[in-house]
Amino acid sequence: MIKIYNTLTQQKETFTPIEPGKVRMYVCGMTVYDYCHLGHARVLVAFDVVTRYMRNRGYDVTYVRNITDIDDKILRRAEENAEPFTELTDRMITAMHEDETKLGVLSPSAEPRATDYIAEIIAMINTLIESDHAYAAGNGDVYFSVESFEGYGKLSKKKLEDLLAGARIDVHEAKRSPADFALWKAAGDVEVSWPSPWGNGRPGWHIECSAMSTRCLGDTFDIHGGGPDLLFPHHENEIAQSECATGHTFVNTWMHAGAIRVNKEKMSKSLGNFFTIREILDTYPAEVVRFFLVSSHYRSQVDYSEDNLAEAGRSLERLYHALRGVVPENSGDVPETEHDRRFFELMDDDFNCAGAISVLHALANDINQHRREGRDNEAKKATTVLVRLGEILGLLQQDPDGFFQANTAGELSAEDIEAKIQARADARKAKDFAGADRIRDELIEQGVILDDSREGTSWRRG
RNA sequence: GGCGCGGUGGCAGAGUGGUCAUGCAGCGGACUGCAACUCCGCGUACGCCGGUUCGAUUCCGACCCGCGCCUCCA
């Protein structure tokens, strides 16, 4: 039985899918005008773990994550670059897929793009106008009438009168109420646009998610997720549009990831304090970045720092070290263990990855102990369990030697290193310890660390 | 100002009404030719003040501090 914290009800609830055995989930994806940063990675990884875990628990998960490929920022950036906006968005989508792959994020079941759903968007807007939840303003814009939806504010716990009183909502003449938001934006002369009953224009941001999610998953679906800054207004507006258009509950469970922070401030585009995934991957292995993200609860805030990433790396190394030199069995050959049960118990409780990782470490400790005391068969079994639980978190699927040796640093080839290790072994055999240590020191200078064990000497790049 | 989240050992980070997170760093021991890795052991953490309770870090209330949203942002 899985429990999930639901932003809508502000408590953990036992998850019950609409259709037994099936999960329909929608996550707000990227607006593709720039490279993804670590905040995006957080959401990507968090819902990747949710998907992997639920599938492992036997659910048939349909995971839809959209791409916003038309919006003001995209058009502005394309103009700055003097390129067609589709070239910009294609490039950024390719880059996003590369980043995802490196981070071990599985592809979603579907990845709808706003520009492919213009007809659905227009149809939904029409429905809203017909039912008086929306109105065409004189200037070609179409707005949603917030006051026409009784439940407005139920997700973000905001009161409409507070919003209306707030000075930060700009008064726009075409709007009937300052809290109303655009469903359709009229296009200027040269801008990218699509024809519509209200003239040429393009969709507003919120409506595209309503149109795509209901089209792909139905009027009501199980889980809707996204980053913390989408809660308001984006998700609140999605609820308003969708529930007014369909007459049904939009989403049962709302999930929101925690923010990534830098120096106690939220990492964000507007503050300019963001680190892109690709620049972080220049310095840290992708799995270390993933491990760092998975090491804390998906809802909590996480501080990005070099120290924290480096520490995550050392922690992950411990796990891989335990796997080194033991070939796991087929997972099916090892029955469920106490560790499996503990792992599932923790993950069932709102995807407690940080807790689940402690099980991984317990397993590593078992493996090391078994090997040290010569219980090879037990070590093999524990290794099998460690790898299969790791997979649920998207971790520990590399060949351990590859993990330790694939580091980009260092000039020496694997052959050079092996030769030096052999030379050192010969020196040790001849009791020439000074010579042996000289070789070891030379390797350390090249960033290569030697690990001696009863089975022989292995190496890694540090 | 409104709404929401959080303050755990040197650091990171789970969790619980009454033995245990876990990792990193540190210390002592084992292993080693010496190291590294590994193993064993160690350090009386739960913001502050009241309350409930036989007992609270965990429940309740007040306070202090931090963060997020209220405008585009994952």
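In what follows, every heavy atom counts, from backbone to side chain, and hydrogens, waters and symmetry copies are set aside. Letters A, B, ... are given to chains in the order of the sequence lines, protein chains preceding strands, and every chain is numbered from 1.
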Selection from B:rA74, B:rG23, B:rC40 that lies nearest to any side-chain heavy atom of A:Gln369: B:rC40
B:rC67 and B:rA25, which share atom name P, separated by this distance in whole Å: 30 Å
Electrostatic pair A:Arg341-A:Glu336, nearest N-O below 4.0 angstrom: yes
Protein-to-nucleotide contact annotation, 5' to 3' order, nucleotides 29-34 of chain B [B base; S sugar-phosphate only; - none; under 4.0 Å, heavy atom]: -BS-BB
C1' spacing across the pair B:rC60 / B:rU52, given as an integer number of angstrom: 7 Å
Any donor-acceptor N or O pair under 3.5 Å, side chains A:Glu100, A:His40: no
Nearest-Å distance for atom pair CD/C1', residues A:Glu345 and B:rA21: 13 Å
Side chains of A:Ser145 and A:Asp180, donor plus acceptor under 3.5 Å: no
Separation of atom OH in A:Tyr320 from atom C1' in B:rC37, rounded to whole Å: 18 Å
Nearest-nucleotide comparison on RNA chain B, the residue closer to the 5′ end among A:Asp366 and A:Ser268: A:Asp366
A:Thr86: partners by side chain to side chain donor-acceptor pair (under 3.5 Å), with sequence neighbours left out: none
Sequence-distant partners of A:Phe274, ring pair (Phe, Tyr, Trp, His ring centres under 6.0 Å), two or more places apart: A:His37
Nearest-Å distance for atom pair CG/P, residues A:Asn365 and B:rU38: 10 Å
Modelled atom types, side-chain donor and acceptor of A:His361 and A:Ser315, under 3.5 Å: yes
B:rC5 and B:rG10, which share atom name P, separated by this distance in whole Å: 29 Å
Sugar-phosphate, base or nothing in reach of A:Ser453, heavy atoms under 4.0 Å: nothing
Spacing of the C1' atoms in B:rU57 and B:rC48 (rounded, Å): 13 Å
Nearest-neighbour nucleotide for the A:Arg261 side chain, B:rC5, B:rG23, B:rG66 considered: B:rG66
Positions of residues 39-47 of chain A (non-hydrogen atom under 4.0 Å from RNA chain B), listed by number: A:Gly39, A:His40, A:Val43
Sugar-phosphate, base or nothing in reach of A:Ser270, heavy atoms under 4.0 Å: base
Pairing residues for A:His256 by the ring pair (Phe, Tyr, Trp, His ring centres under 6.0 Å) criterion, not counting sequence neighbours: A:His235
Touch class at under 4.0 angstrom, heavy-atom based, for A:Arg460 against every strand present: sugar-phosphate
Test ring pair (Phe, Tyr, Trp, His ring centres under 6.0 Å) applied to A:Phe275 - qualifying residues, sequence neighbours left out: A:Tyr304
From B:rC70, B:rU38, B:rA74, nucleotide with atom closest to A:Phe232 side chain: B:rC70
Protein-nucleotide distance (A:Met255, atom CE; B:rG4, atom P), rounded to Å: 21 Å
Euclidean distance for C1', B:rA30 against B:rC11 (whole angstrom): 28 Å
Integer angstrom distance from the C1' of B:rG2 to that of B:rU44: 43 Å
Touch class at under 4.0 angstrom, heavy-atom based, for A:Glu265 against every strand present: sugar-phosphate
Touch class at under 4.0 angstrom, heavy-atom based, for A:Gly153 against every strand present: nothing
Pair A:Tyr320, A:Glu287: side-chain N/O donor-acceptor within cut-off below 3.5 Å: yes
Sugar-phosphate only, base, or nothing, as touched by A:Asp451 at under 4.0 Å among non-hydrogen atoms: base
Whole-angstrom distance between B:rC64 and B:rG47, as gauged at atom C1': 8 Å
Sugar-phosphate, base or nothing in reach of A:Leu230, heavy atoms under 4.0 Å: sugar-phosphate
Any donor-acceptor N or O pair under 3.5 Å, side chains A:Asp426, A:Gln422: yes
Touch class at under 4.0 angstrom, heavy-atom based, for A:Ala259 against every strand present: base
Strand RNA chain B in bracket notation, Watson-Crick/G-U under 3.5 Å with | for pairs to another chain: (((((((..(((.....[...))).(((((.......)))))....(.(((..]....))).))))))))....
Rounded interatomic separation in angstrom, taking CG from A:Leu163 and P from B:rG1: 18 Å
With sequence neighbours excluded, residues passing side-chain contact (heavy atoms from CB on, under 4.5 Å) with A:Asp437: A:Arg440
Side chain of A:Lys158 (C-beta onward), nearest among B:rC39, B:rC70, B:rC5: B:rC70
Counterpart residues, salt bridge (charged side-chain N to carboxylate O under 4.0 Å, His left out), relative to A:Asp432 (two or more places apart): none
Side chain of A:Met30 - closest among B:rC24, B:rU22, B:rA74: B:rA74
A:Leu363 CG to B:rG23 C1', straight-line distance once rounded to whole Å: 15 Å
Rounded interatomic separation in angstrom, taking CG from A:Asp376 and P from B:rU38: 18 Å
Within 6.0 Å of NZ in A:Lys380, more than 12 heavy atoms from elsewhere: yes
Base-contact (B) and sugar-phosphate-only (S) positions in nucleotides 6-20 of chain B, heavy-atom cut-off under 4.0 Å, - elsewhere: -----BSSSS-----
Given RNA chain B, 5'-ward residue of the pair A:His361 and A:Leu450, judged by closest heavy atom: A:His361
Donor on one side chain, acceptor on other, A:Asp71 and A:Thr31, under 3.5 Å: no
Same-atom distance (C1') from B:rU22 to B:rC59, integer angstrom: 26 Å
Distance in angstrom units between A:Arg314 CZ and B:rU38 P, rounded: 13 Å
Set of salt bridge (charged side-chain N to carboxylate O under 4.0 Å, His left out) partners for A:Glu345, sequence neighbours left out: A:Arg342
Between A:His370 and A:Asn377, a side-chain donor and acceptor under 3.5 Å: no
Listed once per pair and sorted, the salt bridge (charged side-chain N to carboxylate O under 4.0 Å, His left out) pairs that draw on residues 288-302 of chain A, sequence neighbours left out: A:Asp48-A:Arg290, A:Arg299-A:Asp350
